[in-house]
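Written out below as structure tokens is the structure these notes cover.
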Amino acid sequence: MDFNLTEDRQMLSNTVRRYLADQYDFDTRYGVLDAAPFHSPAKWAELSELGLIGAFVPEQQGGFGGTGFDITTIFEELGRGLCPEPMLAALMSARAAADCGAAALVEELVTGGKRIALAVFEPDADSLALIRTSADKSGDHWVLNGRKSVVYGLPGADGVLVAARLDEGLGLFLVENPETVDYAMIDGGGAGELILDSATAICLSENAGDIIESALNAGRLALCAEAVGVMEVLVNMTVDYLKQRTQFGRPIASFQALQHRTVDMAIEMEQCRSITILAASKLGSDAEAKYIAMAKNLIGRAGTMIAEECIQLHGGIGMTWEYPGSHYAKRLMMIDHQLGDHYAQLHRVMAS
């Protein structure tokens, strides 16, 4: 198997990397973390113009990519740049809308004309089987009642795709101009609580269980790739610091015990890269849920280990707000908790 990126994906990777390096430095990131919508609408428009959202959707559904490797190529670079833009929400909502056959909505999303989020989980529902938000037909339209929790990319969104319970299963509905409670996530970016009190909605699908699960799997794969990008930068940053920091008259990178710890981190990082490649190759197959859960379980455990090791090897500076490494470590820790932590993924593997 050839693990190298194709020429087109290498160009995409280089484009995203150059853009983030030139246009989204840490000063820009610091400037958007504390004020709603907790990202930069101007930068979001520029990223949309680069075609990133179109790469999430297959060509026959209005995009120009849609494979697992298209997703991982983009999100690995987003991880390297520690970009707080709501690209995860864009990925999941675009794929869900495409699978529902909502061609007009997909076109708006791909061109950046509209930004929506995907709302699935609830305060007491961390799986599709436990969803309580209800959808009822009222004349020619639908009415939703319930609450969605920690909806990624919700602040400032033009609408939200909502998973709601019907008599025969789960449906997927579009709610425009929703009532929300927005907040910043601890590791950057925005999320929110969605309050649905007789909210008018447009039904995209009355049988969307598989569609929603597929969108969530794509999101989990994206988080795995983002984590690999974060790991690479954080490990390299730590090695550079060890080469510069001196103790007893020589760089601490020369101490064998610290060399062993950095090698252990590098091994874990490469294992995470390998299993993410495997999971990307399975997206769209009958086995995607199993392999993506396997990848996110490993990355959740390895990411915590690498983040903790890097902070310890940096010493006190590793905990400061001013040092970029602390933000990379925080993001790596939090990726484990998004869309199901490594314990939840282990249960998914066992059930598959």
Side-chain angles (χ1 to χ4, degrees), residues 13-35 37-40 42-44 46-47 52 72-88 152 184-191 222-247 251-253 258 261-266 268-270 272-273 276 299-300 302-338:
S13 174
N14 293 338
T15 298
V16 178
R17 186 178 300 192
R18 285 197 302 268
Y19 174 84
L20 294 177
D22 295 340
Q23 302 294 327
Y24 222 120
D25 58 16
F26 256 76
D27 287 338
T28 301
R29 187 176 189 275
Y30 289 146
V32 303
L33 294 184
D34 295 328
F38 312 109
H39 74 100
S40 169
K43 300 299 183 186
W44 173 261
E46 293 171 1
L47 288 169
L52 267 62
T72 55
T73 297
I74 291 174
F75 273 86
E76 188 170 337
E77 294 303 332
L78 294 174
R80 285 194 181 98
L82 208 63
C83 180
E85 296 299 310
M87 203 60 67
L88 178 65
Y152 304 119
M185 296 193 295
I186 191 172
D187 58 327
L223 289 170
C224 291
E226 182 184 355
V228 171
V230 173
M231 288 177 187
E232 184 171 358
V233 172
L234 187 56
V235 171
N236 290 339
M237 191 180 295
T238 303
V239 171
D240 288 342
Y241 178 78
L242 296 179
K243 291 178 179 179
Q244 297 173 29
R245 171 81 182 274
T246 60
Q247 192 70 39
I252 62 176
L258 301 188
R261 292 171 71 175
T262 55
V263 168
D264 287 343
M265 290 192 297
E268 292 293 334
M269 178 179 69
E270 292 306 323
C272 290
R273 190 191 308 278
T276 299
I299 282 173
T304 299
M305 173 266 192
I306 290 175
E308 291 176 348
E309 283 285 270
C310 288
I311 289 176
Q312 290 180 22
L313 292 171
H314 273 91
I317 193 175
M319 295 293 291
T320 61
W321 173 267
E322 293 79 10
Y323 186 63
S326 67
H327 296 266
Y328 279 93
K330 187 186 299 183
R331 179 64 188 138
L332 194 51
M333 295 280 287
M334 291 303 296
I335 283 176
D336 178 37
H337 298 279
Q338 290 187 264

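Any value given below was found using the heavy atoms of this structure, including those in side chains, with hydrogens, waters and symmetry copies removed.
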Shortest non-hydrogen contact from [X] toward [Y]:
| X | Y | value |
| --- | --- | --- |
| Ile311 | Gly318 | CG1-O, 4.0 Å |
| Ala227 | Ile299 | CB-CG2, 3.5 Å |
| Pro84 | Gly188 | CB-C, 4.4 Å |
| Leu332 | Val230 | CB-CG1, 4.0 Å |
| Cys272 | Met231 | SG-CE, 3.6 Å |
| Tyr30 | Glu322 | OH-O, 3.5 Å |

Side-chain contact test, heavy atoms from C-beta onward, threshold under 4.5 Å: evaluate it for [X] versus [Y] and give yes or no.
| X | Y | value |
| --- | --- | --- |
| Leu47 | Tyr19 | yes |
| Asp264 | Met305 | yes |
| Leu313 | Thr262 | yes |
| Glu309 | Gln312 | yes |
| Tyr152 | Pro86 | no |

[X] side chain to [Y] main-chain N or O, any donor-acceptor pair under 3.5 Å?
| X | Y | result |
| --- | --- | --- |
| Tyr241 | His314 | yes |
| Thr304 | Gly300 | yes |
| Ser326 | Thr320 | yes |

What distance separates [X] [atom1] from [Y] [atom2], expressed to the nearest 0.5 Å?
| X | Y | atom1 | atom2 | answer |
| --- | --- | --- | --- | --- |
| Thr72 | Glu226 | OG1 | CD | 12.5 Å |
| Thr28 | Leu20 | OG1 | CG | 10.5 Å |
| Ser13 | Ile74 | OG | CD1 | 9.5 Å |
| Arg245 | Asp240 | CZ | CG | 15.0 Å |
| Ile252 | Leu242 | CD1 | CG | 4.5 Å |
| Ile186 | Met333 | CD1 | CE | 10.0 Å |

Give me the ring orientation class for Tyr328 and Phe26: parallel if the planes are under 30° apart, tilted from 30 to 60°, perpendicular past 60°.
tilted

Assess the residue pair Met185 and Phe38 against the criterion (side-chain contact (heavy atoms from CB on, under 4.5 Å)); give the C-alpha distance rounded to whole Å, side-chain angles, the decisive distance to 0.1 Å, and a yes or no.
CA-CA 9 Å; Met185 296 193 295; Phe38 312 109; over 6 Å; no

Scan side-chain atoms only and decide if Gln23 and Arg18 contain a donor-acceptor pair under the 3.5 Å cut-off.
no

Ignoring hydrogens and geometry beyond distance, is a side-chain donor-acceptor pair present between Glu85 and Tyr24 at under 3.5 Å?
yes

Salt bridge (charged side-chain N to carboxylate O under 4.0 Å, His left out) with Arg273: which residues, sequence neighbours excluded?
Glu76, Glu232, Glu270

Are Asp187 and Lys330 ion-paired here, with the side-chain N under 4.0 Å from a carboxylate O?
no

